[in-house]
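Notes to accompany the following structure.
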Amino acid sequence: MQKVKHKKSHLRVRSASRSKKASRAAGDERLLDAEKFLLPTYKRPPIVLTHGRGCYVYDTTGKKYLDFLGGIAVNGLGHAHPRIVKVIRREAARAIHLSNLFHNAYQGPLARKLAEWSGLDRVFFANSGTEAIDGALKLARLYGRTPDTPATTAAPKHRVLAMENSFHGRTFGAISVTATEKYRLPFAPVVPGVEFVRFNDVADLESKFSDDVCAIILETIQGEGGIYPASEAFWNRARALTSKHGALLIADEIQCGLGRTGRYFAYQKFASRPDIALVAKPLAAGLPLGAILTTEAVAARVAPGAHGTTFGGGPLICAVAQEFLNTVEDAKLLKNIRERGAELREGLQALASKFDFIREIRGEGLIVGIELAIEGAPIVAGGLEHGLLINCTHDFTIRLLPPFIVTRGQVRDFLRIFATILTETSKLSALTKSNASAPAAHALAATR
Ligand SMILES: Cc1ncc(COP(=O)(O)O)c(C=O)c1O
């Protein structure tokens, strides 16, 4: 308890040093409008970002930030990538939307490319990750039906096994399989039939699996949960159980897929593929596009009208997604992701040996988690001060998701800035601890 108090006041001390900038920014009408008219679903710092270029973004004061968050894994090609800008310009002047009642020039070829990358057969385009999750759960329930199950009764196989510490999105289907209680419980009752399994615990999986399970859903690398990869043993067991009992293995690769690990899909380090892989975030380089990738066997259960969307897979967005995938190939970005990721983790390991509040470095390629023994929020705030965008998940894990195009120099810059922030954090933490008993320090902190 005492420890937590130190951390909170530590945060306030840093906030004090930022108060000048915050009050300057607070006069910004855009911030005032946001505060007054937006639903308060996000806690945002008092800056307004305006544009980006490559791995940097800029705010209204002209301040430049090195972007190691990449729009939470979206900006694989960074910002304003010339190939993406060119395609958006070209296609915007041709057709932004045509309706899914007709073929467009890009959906089919994009689906083919995703099938080639994933080893799966068929694709459905959605508008976001969470929507892809909901679609996949519907497919699993469809797959759980026998031909003689009346449409009005539950499928004989209808249970879904999801993972503890998971995050799959914000729609009702997605929160039903999301373990984090604050995202799920306030909206109960959620979709029934879901049970949570301890991630990577084969015995727990076996004990909860039964013949009425239609799907096991997991993130191949848990992202929001703190960058925890599925173990090979767990994946293999989930694959074997689902195959044997006619259920589906669903891999949520919305955060970790499409190159981020240095492979097209994170599951490609395993010997088997899932029945459904879900992607979104980087797919259309910042435009909203998700996709459900699946097998012929699942596709055979789908008839026209079973699922659909107005916006998903429009011509402009699919052209952009095609350009993203082609750029990853042409620019040999998987190699860059592996090499820069290795340099990043090596540098972080060196920092971990200097700063005892770094507990563990996790991840692969350019999805990296730095688990701390202290709260990460002051470090994120320190990043903003020093021109660095990073994020903290589950309070204690700093999450890094830089663009795939990040350079060796930018990794070095990141490590230098991050080391400075860690040094300041450890000094502040020591100061806060030594002042913990001084009433004046607490009084000051309490007024912020
Ligand atoms: C693993 C995972 N699944 C699903 C989602 C939901 O995606 P979206 O925010 O596009 O709905 C996210 C978003 O962070 C995610 O990280």
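Indexing begins at 1, ligand by ligand and atom by atom, following the structure's order. Scope of the values below: all heavy atoms of this structure, side chains included, with no hydrogens, waters or symmetry mates.
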Side chains of [X] and [Y]: donor-acceptor distance under 3.5 Å anywhere?
X	Y	answer
R273	Y267	no
D212	H158	no
E323	H81	no

For E232, salt bridge (charged side-chain N to carboxylate O under 4.0 Å, His left out) partners two or more places apart: none

ring-ring contact (aromatic ring centres under 6.0 Å, His included) pairs, two or more places apart, involving residues 123-145: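 Only F124-H307 qualify under ring-ring contact (aromatic ring centres under 6.0 Å, His included).
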
Pairwise side-chain hydrogen bond (donor to acceptor under 3.5 Å, both in side chains) hits with a residue in residues 186-201, at least two apart: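 Qualifying pairs, neighbours excluded: R159-E195, R198-D201, N200-S231.
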
Proximal protein residues to ligand 1, non-hydrogen atoms under 4.0 angstrom: S128, G129, T130, F167, H168, G169, E219, D252, I254, Q255, K281

